[in-house]
Amino acid sequence: MTEEFPVLYVVATPIGNLGDVTQRAVEVLSSVKWIAAEDTRHSAPFLKRIGASARVFSLHAHNEEGAASRVLECLEKGESVALVSDAGTPAISDPGSRLVARVRAAGFRVVPLPGACAAIAAFSAAGFADARFLFYGFLPPKAKAREEALRSVSKIRCPLVFYEAPHRILDAVEAMAAVFGEERPLVLARELTKVFETIHACPLGEASAWLRADENRRRGEFVVLLGGAEMRVDLDESERVLRLLLDDGLPVRQAVKLAHAISGAGKKALYERALVFRDQESGI
Ligand code: SAM
């Protein structure tokens with residue numbers, strides 16, 4: 001099951017429900033000599049439960065460079081290492097990416113073991129029709145920086161996925177409503193895979209009142225998902241473009257095609273307008 005040459009395994013662990021650990025994760029964590037864990041005390045009961053007896057050392061945001069050197073020493077001695085974070089997939093709003101880059105740069109293999117990830121679990125249950133989404137992760141905690149961050153993604157058309165801590169969830173949804181408007185579809189995915197799992201959908205403008213109505217709704221861990229920005233079409237502008245093209249003598253089909261490409265307005269609506277303009281011209 002494990003590799004012939006030393007590798008770094010990047011191992012996803014559950015985000016709440018221990019039943020979500022994969023068989024492969026159990027096998028790898030039980031067979032490697034070393035485990036680099038974000039918080040060794042946090043991971044200890046989980047590792048004990050699955051029967052892992054590896055030596056565990058810490059690798060977190062503040063010691064990642066030093067811990068990466070230690071991982072490289074293990075690999076150079078021919079000993080594989082597994083990386084785990086407190087929950088979910090390492091390097092997804094968690095430490096690990098700098099380690100992975102160093103290990104790859106040193107010519108060793110990095111083997112991902114996929115599994116739980118709060119963003120993916122939330123998106124899979126949110127019901128957005130879009131195939132794409134933008135994973136933002138955590139917003140800056142301070143109000144001004146958060147507002148700037150939100151503005152920077154306010155025109156993105158696909159759904160947006162944020163992580164948020166319970167003590168900031170109210171401020172976050174209120175700031176989102178101020179920037180994105182009250183009508184944006186919102187899904188709050190709270191305590192996924194745990195006893196009090198809640199997936200609540202509402203217009204963004206109603207989220208603050210929903211959270212305020214019951215303090216239990218503000219507890220636990222959150223993924224916040226927002227529908228993407230709607231394409232706003234300035235109809236006057238698209239009609240002006242269409243009129244110019246028709247006045248220039250372009251046939252209706254070509255004028256509609258170009259006006260659609262320039263303005264983004266729907267072809268059907270443009271075609272209907274073009275026929276009206278043409279009839280007006282000919283006095284019908
Ligand atoms: N690496 C993790 C992953 O793969 O999802 C994310 C780690 S990040 C430090 C922790 C954040 O993930 C939490 O603040 C919350 O936004 C989200 N999260 C983690 N577990 C969750 C859960 N069970 N339900 C909802 N959100 C969760």
Side-chain angles (χ1 to χ4, degrees), residues 8-22 24-25 28-29 35-43 45-47 58-64 67 82-100 110-128 133-142 146 149-150 153 159-176 186-202 207 210-211 216-226:
L8 171 68
Y9 296 100
V10 181
V11 184
T13 57
I15 55 169
N17 189 325
L18 293 183
D20 292 334
V21 67
T22 68
R24 209 172 148 218
V28 163
L29 292 171
I35 296 175
E38 183 181 5
D39 179 339
T40 54
R41 276 186 307 177
H42 177 95
S43 293
F46 166 72
L47 294 173
S58 77
L59 182 146
H60 49 72
H62 306 293
N63 78 344
E64 192 165 347
L83 169 70
V84 296
S85 61
D86 286 355
T89 304
I92 304 297
S93 295
D94 264 343
S97 57
R98 282 182 284 163
L99 167 67
V100 164
V110 175
V111 176
L113 268 68
C117 173
I120 300 297
F123 191 75
S124 73
F128 288 112
F133 65 87
L134 182 128
F135 173 64
Y136 193 94
F138 288 103
L139 286 160
K142 295 209 170 123
R146 179 172 53 209
L150 290 172
V153 292
L160 308 171
V161 180
F162 300 93
Y163 282 165
E164 197 47 274
H167 61 282
R168 282 199 285 263
I169 188 68
L170 252 182
D171 287 348
V173 297
E174 287 171 3
M176 286 174 182
L186 169 92
V187 175
L188 287 175
R190 174 182 159 260
E191 292 289 88
L192 291 169
T193 79
K194 302 186 199 175
V195 177
F196 296 109
E197 178 179 273
T198 313
I199 300 176
H200 177 74
C202 65
W210 185 80
L211 286 166
N216 287 323
R217 293 178 180 169
R218 305 194 291 275
R219 294 210 165 109
E221 302 192 271
F222 288 87
V223 182
V224 183
L225 305 99
L226 287 178

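One-based numbering, in listed order, for ligands and for the atoms of each.
Heavy atoms of Ala189 found under 4.0 angstrom from ligand 1 belong exclusively to the backbone. Of the heavy atoms in Glu197, none comes closer than 4.0 Å to ligand 1. Residue Ala122 does not touch ligand 1, judged by heavy-atom distances below 4.0 Å. The part of Phe222 lying near ligand 1 is the backbone, judged by heavy-atom distances below 4.0 Å.
The side-chain heavy atoms of Leu59 and Glu64, taken from C-beta on, include a pair separated by under 4.5 Å. In this structure, Phe133 and Leu225 have side chains that are not in contact, with every pair of non-hydrogen atoms separated by 4.5 Å or more. Counting heavy atoms from C-beta outward, Leu83 and Leu99 have side chains that approach closer than 4.5 Å. Side-chain contact check for Cys117 versus Ile15: every heavy-atom pair is 4.5 Å or farther apart.
Distances between N or O atoms of Ser85 and those of ligand 1 include no value under 3.5 Å. Residue Ile92 has at least one nitrogen or oxygen atom sitting less than 3.5 Å from a nitrogen or oxygen atom of ligand 1, judged on distance alone. Between Ala87 and ligand 1, at least one N/O pair is under 3.5 Å apart. Here's the thing with Tyr163: one of its N/O atoms is less than 3.5 angstrom from an N/O atom of ligand 1. Among the atoms of Leu192, some N or O lies under 3.5 angstrom from an N or O of ligand 1. Residue contacts with ligand 1: Ala119 is placed with no nitrogen or oxygen under 3.5 Å of a nitrogen or oxygen of the ligand (distance criterion only). Between Arg190 and ligand 1, a contact under 3.5 Å exists for no N or O pair.
Phe162 has its ring centre no less than 6.0 Å from the ring centre of Phe135.
Taking every non-hydrogen atom of Val223 and a distance limit under 4.0 Å, the qualifying atoms of ligand 1 come out as 25 (C), 26 (N). Contact atoms of ligand 1 toward Glu191: 23 (N), 24 (N), 25 (C) (distance under 4.0 Å to a heavy atom of the residue). Remark: ligand 1 atoms within the under-4.0 Å shell around heavy atoms of Gly88 are 3 (C), 4 (O).
Scanning the protein heavy atoms around atom 7 (C) of ligand 1, the nearest turns out to be Asp94 OD2, 3.4 Å.
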